[in-house]
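Have a look at the structure below, then the notes.
To find a chain, count down the sequence lines: A is the first, B the second, and so on, and within it residues start at 1. Note that these values count all heavy atoms, side chains included, but never hydrogens, waters or copies made by symmetry.
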There are 2 protein chains.
Amino acid sequence: MTSEDLLAVLAAMGHGQRLRILAELAAGRMYVSELARRLGISRPLLYMHLERLEKAGLVLGNLELSESGKALKYFELAPFDLHLNIRTIRAALAADTDRHSDMQGNPR
Amino acid sequence: MTSEDLLAVLAAMGHGQRLRILAELAAGRMYVSELARRLGISRPLLYMHLERLEKAGLVLGNLELSESGKALKYFELAPFDLHLNIRTIRAALAADTDRHSDMQGNPR
DNA sequence: AAAGCATGTAAGTGAAGACTTACAGATGCC
DNA sequence: GGCATCTGTAAGTCTTCACTTACATGCTTT
């Protein structure tokens with residue numbers, strides 16, 4: 001995990017609304033409009049938050065067709081469990097510089 | 001831990017410079033000017049970041065007098081280890097509403 | 001056809017955050 | 001005294017973020 005990944009997660013979570021979105025999705029998958037109604041926020045705003053959460057890998061979006069044929073975009077929680085301590089931070093920062101070195105992934 | 005506390009930590013950590021500050025302090029306590037030189041950032045900027053980290057409880061500042069009598073503000077890492085998952089998030093949000101109920105801490 | 005509900009995006013506004021330059025006060029050393 | 005080094009803060013700029021309003025599109029049901 002690079003520091004970029006770590007930062008994406010931290011920044012995504014570091015916001016009240018998005019914390020509430022995650023908590024709401026813990027109850028189960030839900031499509032956007034329904035989620036917006038439950039949280040009492042506007043849909044475009046929710047969209048922005050969901051985008052950010054998805055980029056951080058915390059939620060997963062999926063456009064589906066209901067039985068009646070109506071398009072619904074379902075979001076669900078992605079499983080995550082990050083041990084946030086100084087060790088994790090140092091490892092993430094170290095991973096950045098390591099990307100410059102060769103022979104990673106497929107060393108002979 | 002309330003969501004306010006959690007958000008303070010997440011928002012404080014969700015920034016590259018501050019992540020680097022924490023990593024640098026992992027090597028040991030250091031005073032502000034020295035830390036600024038090591039990181040290559042301006043002192044006022046570092047100040048702002050340290051303030052934020054301190055409010056989140058991630059670092060600890062202490063103004064001391066050196067042997068020669070010069071004032072130095074030392075910062076050190078506060079031990080932290082946060083398990084970041086959906087359970088923690090829900091617990092934090094739940095703690096918010098619980099603050100309105102009585103008999104917490106010392107229930108008879 | 002019209003109304004209802006869904007997705008998706010664009011444009012604009014207002015507030016918060018990140019950063020710089022600058023200045024003031026205090027002490028130690030030459 | 002004058003220079004170096006440290007702390008602390010104020011003011012100003014600039015960008016990013018959060019949020020609203022509005023509009024275009026598509027399918028369903030009445």
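An OP1 or OP2 oxygen of D/dT9 is reached within less than 4.0 angstrom by no side-chain nitrogen or oxygen of B/Tyr47. Taking side-chain N and O atoms only, A/His49 has no distance below 4.0 Å to OP1 or OP2 of D/dC17. Side-chain N/O atoms of A/Lys73 include one lying less than 4.0 angstrom from OP1 or OP2 on C/dG8. Side-chain N/O atoms of B/Arg37 include one lying less than 4.0 angstrom from OP1 or OP2 on D/dC6. Listed pair B/Arg43 / C/dT21 fails the phosphate criterion, with no side-chain N or O lying under 4.0 Å from OP1 or OP2. In terms of phosphate contacts, A/Ser42 brings no side-chain nitrogen or oxygen within less than 4.0 Å of OP1 or OP2 of D/dC19. OP1 or OP2 of C/dA18 has at least one side-chain nitrogen or oxygen of B/His15 nearer than 4.0 Å.
What separates CG of A/Leu50 from P of C/dG8 is a distance of 11 Å, to the nearest Å. Residue B/Tyr74 contributes atom OH, which lies 14 Å from atom C1' of D/dT7 at whole-angstrom precision. Protein atom CD of A/Glu51 is 13 Å distant from nucleotide atom C1' of D/dC17, rounded to whole Å. In this structure, the CD atom of A/Gln17 is 16 Å from the P atom of D/dC17, given to the nearest Å. Between the CD1 atom of B/Ile21 and the C1' atom of C/dA18 there is a distance of 12 Å, given to the nearest Å. If you measure from atom CG of B/Asn62 to atom C1' of D/dT7, you get 14 Å, rounded to the nearest angstrom. Nucleotide D/dT5 holds its P atom 18 Å from the CG atom of B/Leu46, rounded to whole Å. A straight line from CG of B/Leu7 to C1' of C/dA16 spans 15 Å, rounded to a whole angstrom.
Proximity note for A/Leu72 (side chain, C-beta onward) versus D/dA18, C/dA6, C/dG17: the nearest is C/dA6. Checking C/dA22, D/dT28, C/dT27 against the side-chain heavy atoms of B/Pro44 singles out C/dA22 as nearest. Closest to the A/Tyr31 side chain, of the nucleotides D/dT29, C/dT7, D/dC19, is C/dT7.
Considering only heavy atoms from C-beta on, A/Arg38 comes within 4.5 Å of A/Met30 through its side chain. Between A/Leu6 and A/Leu82 there is a side-chain heavy-atom pair separated by less than 4.5 Å. Side chains of B/Glu24 and B/Leu35 form a contact here, defined as non-hydrogen atoms less than 4.5 Å apart. Taking the side chain as every heavy atom from C-beta outward, A/Phe80 and A/Met13 approach each other to under 4.5 Å.
Residue-to-nucleotide proximity on DNA chain D shows that, of A/Met48 and A/Gly69, the 5′-proximal contact is made by A/Met48. Across the interface with DNA chain D, nearest-nucleotide mapping of B/Ser33 and A/Ala11 shows B/Ser33 to be the residue nearer the 5′ end.
To the nearest 0.5 angstrom, B/Ile21 atom CD1 is 6.0 Å from B/Leu39 atom CG. Here the CG-CE distance, from B/Leu50 to B/Met48, works out to 11.5 Å after rounding to the nearest 0.5 Å.
B/Ile41 comes within contact range of no nucleotide atom at all, as no heavy-atom separation falls under 4.0 Å.
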